[in-house]
Every structure is written in C-alpha cells, then in structure tokens.
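Inspection log for the structure reproduced underneath, given as structure tokens.
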Amino acid sequence: MPLLEVSGLTKAFGGLMAVSGLTFSVQQGELLSIIGPNGAGKTTLFNLLTGIYRPTSGIIRFDGNDITGCKPYQSVRRGIGRTFQRTTVFGWEKVLDNVIIGQSLHVRTGVWGAIVRTGAARREERRIREKARELLAFVGLSDMEQRLSGNLTEEAQKRLSIAMVLAADPKVLLLDEPTGGVNLEEIGGLIELVKKVQRSGVTICLIEHKMRMVMSISDRIIVLNYGVNIAEGTPAEVGANEEVIKAYLGARRVA
Ligand SMILES: Nc1ncnc2c1ncn2[C@@H]1O[C@H](COP(=O)(O)OP(=O)(O)OP(=O)(O)O)[C@@H](O)[C@H]1O
Ligand SMILES: [Mg+2]
C-alpha cells in the first residue's frame, strides 16, 4: 500500500484550475520530485496535502486513512511535515529554541505542567532539549545552537527549517524548493542532507526547479503544467519526454 495516495485532486481558484484531476501515489521510503514551470500548481498541491487549502474535489489518502479536508494541525499529527518556499524560521529566537518550538506539538504535560513545573514537566523539557540537540547535529548545525536564527546564512536557515519539521517526527517530508535562494556552492551540502533524511526512513516529496539536482536525487518525478500531470516516471524517462521538454521551452519563451 502506498504511503500517500492522491486521486482526482482538484483545486479551483475562481475560474483558475491551479490543480486539476491529479492522481498519483508515493511509496514508503521513496523520493518523489514534483517539477513544472512557475504557476504549475506545485505549492498548491502541498497546500492541499497539508490542509491549508480544501480541495475542490478529489481524495487524499495517507497511511491508510482518508485525510481529505483535514486541518493543518491534524495533518502534522498524522505525520505530514512540510517546509515552505520562503524560509520560515523564527529569526529573533535562538537556533536551538527554533527546534524546540518545532517539537511543541508533542509536549504531553501541557500548560499546567509548564506553570507548576512538575517533575514530569521538567523531565519532558530535558528530553525535548536533548532531542533538539540531536536534530541540530543531524542537520549539521551543532555549533550554532546559541546563535540568533535570523543571523544564519540562507543555507543554514534551510537546514534549520528541516530540523524544525523533523522535530514533529514526520512520516513524509514535503520540501518546497529547499535550495531556493542558496548559493550554488552550498547546494551540494543541502542535497546530501535531503538524501540523509531519506536514508533515515522518511519519505520525501520534493518541489525543485534545479534540474540537475532533481535528476540526481529522485527515484521518480511527476511533471505538472497548468495544474495537470503531463508526465511521470524515472528521471531518465521524464528527461526524454517530448511534452516535458516542450512545457519547459514554452515557459522559458514566456519568461
Ligand atoms: N490563494 C490563491 N488564490 C488565487 N490563486 C492562487 C492562489 N494560490 C495559487 N494561485 C494560483 O494558482 C496557480 C498555481 O500556483 P502555485 O503557487 O501552486 O504554483 P507553483 O507551481 O508553486 O509555482 P512556483 O514555481 O512559481 O512556486 C498560479 O496561477 C497561482 O497564481
Ligand atoms: Mg511554488
């Protein structure tokens, strides 16, 4: 059974079909890339999968359950993690605290424990802090834990935003252009991090414009154009697809 199954997924904004009749599935452990020209509907698809938008029609199944119409907090709890196209760290907070905030959904002792600082609450706090440190080590930011997040480079902020999402123990991680705004020399390290996340057992859906990255990292690729799935296959299959080449050349001519 696939981990994620989307069928006939459609989102209309007025007369505009941002996502139109999309059907695909993602297997456990797979790295699936979603590519396509600007405005193709990639981010809208993520917004549908994470409950930010309600589909106009279609069904989303995740981990054996119908999650169509779930609220964002419900999709996080079910194991769907997501980073945003524009980096969203809390810039005025320290790096370590950002990861702690990312875990806040899992704190069990609640407000009362935080006020009276029960033994359980203190143990929970220690556990959360330790886990945040482990996650920072995992993404390669151990030596920055006390820095203000807003002072990190764009590349380090991307790493931090991945640690923040991993803090909620996602089964699938949706990455919306994880190398956007990052220097070319620094992209290799981010690619390695994405592979490392996949090796750790997390399924990945990746939106990316950098074709070399997509071709080297993906198990499978889906190509969207005007909200429609125009091709699907291995990197080699998609790279040789006439319609894909046309969609990209067309987009370049317009741009
Ligand atoms: N909230 C919204 N209201 C109206 N139209 C929207 C909304 N969100 C997205 N759209 C439109 O839906 C289409 C798809 O947008 P989307 O952001 O999903 O594209 P994208 O593939 O992520 O593009 P990019 O590569 O530039 O990030 C676009 O035409 C966009 O203008
Ligand atoms: Mg987008």
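In this chain, numbering begins with 1 at the start of the sequence shown. Just follow the structure's listing: the first ligand is 1, and inside any ligand the first atom is 1.
- At least one N, O or S atom of Gln85, from either the backbone or the side chain, sits less than 2.8 Å from the Mg ion (ligand 2).
- The Mg ion (ligand 2) lies under 2.8 Å from an N, O or S atom belonging to Thr43.
- Side chains of Asp176 and Thr83: no donor on one and acceptor on the other come within 3.5 Å.
- Residue contact check for ligand 1: Phe46 places no non-hydrogen atom closer than 4.0 Å to it.
- Geometric assessment of Arg77 against the ring of Tyr73 yields a negative cation-pi assignment under the 6.0 Å and 45° thresholds.
- Distance from atom 14 (C) of ligand 1 to its nearest protein heavy atom, with residue and atom name: Gly39 O, 3.3 Å.
- Counting only non-hydrogen atoms, the option in Lys11, Gln85, Lys42 that gets closest to atom 20 (P) of ligand 1 is Lys42.
- Phe13 CG, 3.4 Å is the protein heavy atom nearest to atom 4 (C) of ligand 1.
- There is a side-chain donor-acceptor pair under 3.5 Å between Lys210 and Thr179.
- Of all protein heavy atoms, the one lying nearest to atom 18 (O) of ligand 1 is Thr44 OG1, 2.6 Å.
- Residue Ala40 places at least one N or O, backbone or side chain, under 3.5 Å from an N or O of ligand 1.
- Under the 4.0 angstrom criterion, atom 29 (O) of ligand 1 counts as having a protein heavy-atom contact.
- With 3.5 Å as the limit, one finds a donor-acceptor pair spanning the side chains of Gln198 and Asp219.
- Note: Leu173 CG to Cys205 SG = 9.0 Å, rounded to the nearest 0.5 Å.
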